[in-house]
Amino acid sequence: MTAASGVPEADRLARVVLSCGVEPGDMTTSRLVHELGPQRALGSQLVPKPGSGLAERLAEVDPARALETAEAMGIRFLVPGDPEWPAGLDDLDHVDQLDHRDPTAEAGALSFGGTPPGLWVRGPMPLTELAASVAVVGSRAASVYGVEMTQAIAGHLASASVPVVSGGALGIDFVAHDAALRAGGATVAVLPCGVDRVYPMKHRALLDHLSAEFAVVSEQPPGSGPTQLRFLARNRLIAALTRGTVLVEAALRSGALNTVRWAEQMSRPVMCVPGPVTSYTSMGVHQCLRRGGATVVTQGSEVLEAVGAIGAHLLEEPRGPERPRDRLSPVERTVLEQVPSVSPVGVESIARLSLLHVRDTVLALGRLEVKGFVVRGDDGWRLAGTG
């Protein structure tokens with residue numbers, strides 16, 4: 001038994017073997033572990049397909065050595081039952097078996113799902129702090145508009161002490177991490193490769209900083225490289241670790257749409273930042289909105305309202321600037337509309353045009369005169385210079 005969590009050591013080691021030997025998001029493995037436990041799933045129930053090489057990969061794993069090597073690099077391995085295990089990941093075991101591939105991928109592409117055997121984490125930030133986090137994802141080919149919107153939203157979330165989670169990739173992901181850091185907040189990257197790897201290489205400074213100050217997370221063991229399938233499998237973790245997902249920009253084939261679909265399947269709030277209707281990088285966002293279920297957001301405060309507790313972040317309805325006439329009563333507005341700006345007219349004429357009694361018209365004109373909207377002369381009433 002491990003002193004820190006009470007998880008049996010044999011269970012932890014079995015999960016290390018599964019994490020190292022099985023590709024991420026394998027539904028069969030996840031279901032067997034969920035129903036039988038990691039040791040039984042590994043020992044007798046996980047029957048590899050002929051020619052898959054799974055048996056050889058599993059046999060090659062030395063779990064104790066893998067943990068020692070990871071620890072020497074400052075990497076910890078979390079499993080269900082550890083105090084730091086993010087409870088949101090467990091929801092992945094209750095998502096229906098659906099095809100969560102890119103909607104435009106070729107027929108026969110693999111489906112992904114289920115809770116990972118464990119998480120490899122590098123960095124001091126406890127993952128329990130992600131219970132209040134928000135994912136901000138989008139296109140790698142971010143436009144100037146997308147960058148500005150991401151900076152505003154991620155910066156606002158970070159300033160409100162809401163951690164920002166993204167994938168550490170080019171474009172919107174990088175901007176989200178960077179904006180959170182510039183606002184003095186916390187941010188975590190979920191990678192499609194080992195947490196000891198730098199991908200993409202140009203983000204070395206960012207990932208090194210997150211590893212030192214916050215956290216970099218992956219279900220892939222140290223040393224693993226990124227693949228297309230691992231990117232798709234990674235997306236479900238981003239959705240499950242967070243309270244909601246914000247989609248800033250996404251073309252029709254964007255991997256960020258896969259993250260959104262996972263959030264939808266787990267009934268997590270999905271928030272979309274609309275773009276110009278002619279923008280290629282916003283076509284996927286608009287398609288999400290057309291499907292229904294997603295909320296339009298244009299600023300960080302609207303994201304907080306969508307993911308917060310009921311009544312926690314109520315917003316006032318936006319209104320245009322108040323004009324002097326806005327405070328007039330309906331009768332005063334009706335009368336004022338019939339007062340000419342140049343040639344004065346009498347009360348009877350104004351009352352007839354306003355469809356009001358003369359007495360009510362006189363009272364309204366008196367109030368309008370006090371408020372500076374009309375003036376009375378020898379020949380009748382006209383608008384004042386400020387009216």
Side-chain angles (χ1 to χ4, degrees), residues 76 78 82-91 119 121-138 146-169 172-191 195 203 205-218 237-248 256 259-260 262-263 266-273 294-316 318:
R76 60 192 183 276
L78 301 180
D82 285 337
E84 194 186 338
W85 179 258
L89 290 180
D90 298 334
D91 292 343
L119 288 181
V121 185
R122 191 174 194 177
M125 180 177 172
L127 295 194
T128 48
E129 295 183 14
L130 297 184
S133 66
V134 170
V136 180
V137 297
V147 169
E148 291 176 349
M149 293 303 300
T150 304
Q151 289 173 334
I153 290 175
H156 188 101
L157 294 174
S159 298
S161 300
V162 174
V164 173
V165 176
S166 198
I172 297 300
D173 286 16
F174 175 84
V175 176
H177 292 304
D178 184 65
L181 293 174
R182 291 180 183 274
T187 181
V188 170
V190 184
L191 303 183
V195 294
H203 290 175
L206 169 67
L207 296 175
D208 285 348
H209 180 72
L210 296 186
S211 297
E213 302 295 333
F214 299 100
V216 176
V217 180
S218 178
L237 302 186
I238 295 177
L241 285 168
T242 55
R243 190 188 298 179
T245 297
V246 178
L247 181 65
V248 179
T259 306
V260 164
W262 278 106
M266 290 183 286
S267 299
R268 309 283 173 86
V270 172
M271 297 145 282
C272 292
V273 178
T295 301
V296 172
V297 293
T298 60
Q299 54 187 316
S301 56
E302 295 171 350
V303 176
L304 291 177
E305 182 184 48
V307 301
I310 297 177
H313 299 280
L314 294 179
L315 296 177
E316 292 185 5

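Reckoned from all heavy atoms, side chains included, excluding hydrogens, waters and symmetry mates. Because the structure is a prediction, the values reported are computed rather than measured.
- For His156, there are no ring pair (Phe, Tyr, Trp, His ring centres under 6.0 Å) partners two or more places apart in sequence or in a different chain.
- In terms of the side chain to side chain donor-acceptor pair (under 3.5 Å) criterion, Ser133 has no residue partners (sequence neighbours excluded).
- Remark: Thr245 pairs with no residue by the side chain to side chain donor-acceptor pair (under 3.5 Å) rule, at least two apart or across chains.
- A search for salt bridge (charged side-chain N to carboxylate O under 4.0 Å, His left out) contacts involving Glu84 returns Arg76, not counting sequence neighbours.
- Applying the side chain to side chain donor-acceptor pair (under 3.5 Å) criterion to Thr298, with sequence neighbours excluded, gives Glu302.
- By the 4.5 Å heavy-atom criterion applied to side chains, Val217 and Val165 are not counted as neighbours.
- Partners of Asp208 by side chain to side chain donor-acceptor pair (under 3.5 Å), not counting sequence neighbours: none found.
- Between Thr150 and Ala176 the shortest heavy-atom distance is CG2-N, 3.6 Å.
- When all heavy atoms of Ser211 and Val216 are compared, the closest pair comes out as OG-CG2, 3.4 Å.
- Applying the side-chain contact (heavy atoms from CB on, under 4.5 Å) test to Ala169 and every residue at least two apart in sequence or in another chain returns Arg140, Asp173.
- Side chain of Arg268 to main chain of Ala239: a donor-acceptor pair is present (N/O by atom type, distance under 3.5 Å, no hydrogens or angles).
- In this structure, the separation between NE2 on His203 and CG on Leu191 is 11.5 Å, given to the nearest 0.5 Å.
- Scanning all heavy atoms of the two residues, the minimum distance from Ala179 to Ala154 falls at CB-CB, 3.9 Å.
- Minimum interatomic distance between Thr187 and Ala180 (heavy atoms only, all atoms of both residues): CB-CB, 3.9 Å.
- The shortest heavy-atom contact between Leu78 and Trp85 is O-CZ3, 3.4 Å.
- Atom CG of Asp82 and atom CG of Leu119 lie 10.0 Å apart (nearest 0.5 Å).
- Applying the side-chain contact (heavy atoms from CB on, under 4.5 Å) criterion to Val273, with sequence neighbours excluded, gives Tyr145, Met149, Ile153, Val246, Val248, Val297.
- Residues that satisfy the ring pair (Phe, Tyr, Trp, His ring centres under 6.0 Å) test with Phe214, not counting sequence neighbours, are absent from this structure.
- Between atom CD of residue Gln151 and atom CG of residue Asp178 there is a gap of 7.5 Å, rounded to the nearest 0.5 Å.
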Checklist entry - Does the pair Val136 and Leu157 meet the rule for a side chain to side chain contact (heavy atoms under 4.5 Å, CB included), with working shown? => result CA-CA 10 Å; Val136 180; Leu157 294 174; 4.2 Å; yes
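- Expressed to the nearest 0.5 Å, how far CG of Leu181 lies from CG of Leu210 amounts to 6.0 Å.
- Here the side chains of Leu89 and Leu237 are in contact, with some heavy-atom distance below 4.5 Å.
- Scanning both residues, Ala160 and Leu304, for their nearest heavy atoms gives CB-CD1, 3.8 Å.
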